[in-house]
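Let me begin by presenting the structure, written as structure tokens, before commenting on it.
The analysis underlying the following values was restricted to heavy atoms, covering all of them including side chains, and did not include hydrogens, waters or symmetry mates.
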Amino acid sequence: MDSKSFLTTLLGAAVVLFLLSVILFQWLSRRNTGAGSIREYEELRLPGKASGKQAVYSGLQRMYAACERVPLLRAYVTTIRRRLSVLQLYDEWKLRLETMKIALAAWGLLLAAAVPFMVWIRDPTTLLLLFIGVWVGHGILADSMVHRLENRLLRQLRHFLADIRHHYHRHRMVEEAIYDAADAAPYEMALHGLEIHSVLTASHPEERLEQYYETAPNRFLKGLAGLSYLVKEYGDKIVQNGSLYLHALGRLATELNLDILRREKLSYLLQGLTAIALIPLLFTKPIESWASRYFPAMDDFYGGKLGWMTKIAILLIILGSYILLRKMQELGGEHKRKRRKLERQAYELPWMRWIVDRLAPAPGTREAARIAMLLKETNSPLRPEWFLVQRVALGVLAFVLALGLFVALHGVARHHVLYAIATPDTMFGRLPAGEEEKAKEAAALDRRIIADVKGMNQRANEKVMAELGKDPQLARDEAQLRAAAQRIMRKLEALNGEYLKWWEILLALLAGWGGYYAPVGVLMFERRMRQMEMKHEVDQLHAVIGMLAEMDRMSVEHLLEWMERFAFLFKEPIQHCLLHYEHGAVQALEQLKEEAPFLPFVRTVEKLQLAVENIPIRQAFDDLESERLFAQEQRKQDYERLIEAKAGWGRMIGFAPMMSLIFGYLVFPFVYVSLDQMSVYYEQIQRIQ
């Protein structure tokens, strides 16, 4: 099969498999949407029931138990389970079921698409790139399925709030309204509804409420539980807009609807960008094969140092784009990221602690304050010393990889010198079949003679002439003999020049410096993305204040506690304010303004200071209700600008690998080889003249 047919078949198969994968994924996404109630799921677990769905679910449960007995598979399913544990916290059976669904669906789709490529492709480098692409693709599919479950729970919560309003009109009792709404709710939402009901009816509801705050999957469920507790404990009252509880539920539902719309629009605009960023992994080898077939001079570029360095640069761009896109998708997540055990355990090693303590900036310096503030602003789970462990590890890894790369490139160059066939200077195409066979024989002769004379610093030319003289054909033609000797000597000089040079070690050190500062760059990018979200979060905090300002027993400290539960970007400063609040409310709020100097947030804190010193909370924030319609219109415009800005960043990052593949692996080699051949052609013309 020629190159054109191979590429056509490969592209057609890739398109067909991609379409089949999309269709299968959409089918799996729409199946089991959580519409069943708790009773329906309980019936599926009964041993006497014999249905196809029950058989499938039982098989998945047994498969999960089998995976837990294998160490490697146990670690893998535990990783997925940990991400789902917040959503499916109260049901071990459902948690195992969803874990196996995600694992089987992700690997099934990827293997169905990757196995044909593995059968056709024999190049080790391309197979390695394909393996990397499959593993990263698995992460993308797993993330999409987890996000699908999160979005499904939010949509269920929207209907759950409407049901609570309906039943509250009937009973005028919070716990009864939540219980009746949970009875008809979908499975996942019903579990959380029953948990909130058990919190409200517990003998110590405050303790149970705090426990629920730690495990709730999103801030809207926290808000629902907290509002219901306050109304149950202190009673409802009639305000200007009717029931205080229903008014608060309406504001909560408005914020929930805005969040759902924002998630859906961002998902629509950013969908597929991560896959587009990974596509160049599959097309480096086909482009190289096509260019080498129709432009034989490209073989020297792709097989030389410059070709390998270009391929590695494209891989680094792909890796960087993938990391940045993942960071963009993680923004807005509400779950606390787990503390990094690896960095913490590495820091406990004595020799690592000694290195980190020597490299760490002195306490109180500007650099130490800058790193600490950067970690706070990005809500990083790392402490400064753990972050430095990560930086040191990445710096050393980058240095070792760069040094190994230069050593490998010298090996590639030596292999190219020994095995590349020689072409005449005036030959710009592919040699005829007969001439190419002779050139390969000449290259084999050169390798044999080079192996014999290798290591000889003196009289190497005489040894080469003596070895070439043993060939009867060359012995009869003095000109061919001298040309062959010159060719071999040039190869010897090239081989002797392939050693690790000082400037390559310097470049490896520069790569290590880049790896050392790469985590800082990623955090700065994450901070830039978070700064775009700050106004959106202040608006959400205003909605929280609007829900609670009319409550009689509400204090500024309790209001800060609610703001801390809803906050994501301002969580750390609000937590510090609460820690110091008992020692002085005004001083703690002043410190809050210093730690979060965002102007709209500072104005909110100043109103809290007025509520502490002079006026009630409802008077301090009376403008929230009077300017509510204007604020809603302004938020819509801010949402549009925010979404368009993030979509623009995502498109720029997502298409960067494709552009680098086209211009770096196709256009640049053409220009480079063309200029090189033009210079050779010009030299030939000069010789003729």
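Remark: of the listed residues K571, Q591, E595, E595 is the sole one forming a side-chain hydrogen bond (donor to acceptor under 3.5 Å, both in side chains) with H576. Checked against H167 for a side chain to side chain contact (heavy atoms under 4.5 Å, CB included), the options D183, D180, V174 give a single hit: D180.
Listed by chain and residue number, K593 satisfy the salt bridge (Lys or Arg N to Asp or Glu O under 4.0 Å) test with E590 (two or more places apart in sequence, or in another chain). Residues that satisfy the side-chain hydrogen bond (donor to acceptor under 3.5 Å, both in side chains) test with N257, not counting sequence neighbours, are absent from this structure. Looking at residues two or more places apart in sequence or on another chain, you find a side-chain contact (heavy atoms from CB on, under 4.5 Å) between A253 and L161.
M547 contributes atom CE, which lies 10.0 Å from atom CE of M554 (distance to the nearest 0.5 angstrom). To the nearest 0.5 angstrom, C577 atom SG is 13.0 Å from E572 atom CD. Atom-to-atom distance recorded for R383:CZ and W386:CH2 is 5.0 Å, nearest 0.5 angstrom. To the nearest 0.5 angstrom, L541 atom CG is 9.5 Å from L559 atom CG. The structure places CZ of F220 at 15.5 Å from CZ of F160, a figure rounded to the nearest 0.5 Å. Distance check, rounded to the nearest 0.5 Å: CD1 of I643 to CD of E264 gives 10.5 Å.
Side chains of V199 and H204 form no contact here, defined as non-hydrogen atoms less than 4.5 Å apart. Contact check for K607 versus I617: no side-chain heavy atoms found under the 4.5 Å cut-off. No side-chain heavy atom of E564 sits less than 4.5 Å from a side-chain heavy atom of E561. With a 4.5 Å cut-off on side-chain heavy atoms, P205 and L200 do not count as touching. Between L97 and K101, some side-chain heavy-atom pair lies under the 4.5 Å cut-off. The shortest distance between side-chain heavy atoms of L560 and L589 falls below 4.5 Å. N218 is listed as a side-chain neighbour of L153, based on a closest heavy-atom distance under 4.5 Å. Side-chain contact check for E537 versus F566: every heavy-atom pair is 4.5 Å or farther apart.
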Item to complete: Determine, stepwise, if the pair E175 / K232 fulfils salt bridge (charged side-chain N to carboxylate O under 4.0 Å, His left out).
Response: CA-CA 8 Å; E175 63 273 22; K232 180 181 181 298; 5.0 Å; no

Item to complete: Could you give me the CA-CA distance, side-chain angles and deciding distance for V544 and Q540, then say whether side-chain contact (heavy atoms from CB on, under 4.5 Å) is met?
Response: CA-CA 6 Å; V544 173; Q540 286 189 332; 5.8 Å; no

Fill in: From CA spacing to verdict: side-chain contact (heavy atoms from CB on, under 4.5 Å), F387, V520
CA-CA 9 Å; F387 181 60; V520 178; 4.0 Å; yes

Discussion item. Set out, in order, the CA-CA distance, both residues' side-chain angles and the distance that settles side-chain contact (heavy atoms from CB on, under 4.5 Å) for T99 and Y64, then state yes or no.
Written reply: CA-CA 8 Å; T99 300; Y64 183 93; 4.1 Å; yes

Practice prompt. Decide yes or no on side-chain contact (heavy atoms from CB on, under 4.5 Å) for L224 and L157, but give the supporting numbers first.
Written response: CA-CA 10 Å; L224 174 61; L157 177 59; 4.3 Å; yes

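Note on R262 versus E640: no salt bridge recorded, every NZ/NE/NH1/NH2 to OD/OE distance being 4.0 Å or above. Between E195 and R208 there is a salt bridge, since a side-chain N of the basic residue sits under 4.0 Å from a carboxylate O of the acidic one. Between D163 and R158, none of the side-chain N atoms (NZ, or NE/NH1/NH2) sits under 4.0 Å from a carboxylate O, so this pair counts as no salt bridge.
For the pair G193 and I178, the tightest heavy-atom approach, listed with the atom from each and the gap, is O-CG2, 3.5 Å. Scanning all heavy atoms of the two residues, the minimum distance from K222 to A216 falls at CG-CB, 3.6 Å. Heavy-atom minimum distance, P519 versus Q390: CB-OE1, 3.6 Å. Between A190 and A182, the shortest heavy-atom distance links the atoms CB-O, 3.4 Å. Closest of all the heavy-atom pairs between P600 and K535 is CG-CD, 4.1 Å. Taking every heavy atom of both residues into account, G650 and L325 meet most closely at O-CD2, 3.9 Å.
The environment of CZ in R603 is sparse: at most 12 heavy-atom neighbours from other residues, nucleotides or ligands sit within 6.0 Å. Residue-environment remark: CE (M373) exceeds the threshold of 12 foreign heavy atoms within 6.0 Å. Within a 6.0 Å sphere centred on OH of Y179, heavy atoms belonging to other residues, nucleotides or ligands number 12 at most. Counting non-hydrogen atoms of other residues, nucleotides and ligands closer than 6.0 Å to CD of Q619 gives a total above 12.
Using a 30° and 60° split on the angle between ring planes, F570 and F601 fall in the parallel class, below 30°.
Y168 and E176 are not linked by any side-chain donor-acceptor pair at a separation below 3.5 angstrom, with hydrogens and angles left out of the test.
Between the side chain of D236 and the backbone N or O of Y245 there is at least one donor-acceptor pair closer than 3.5 Å.
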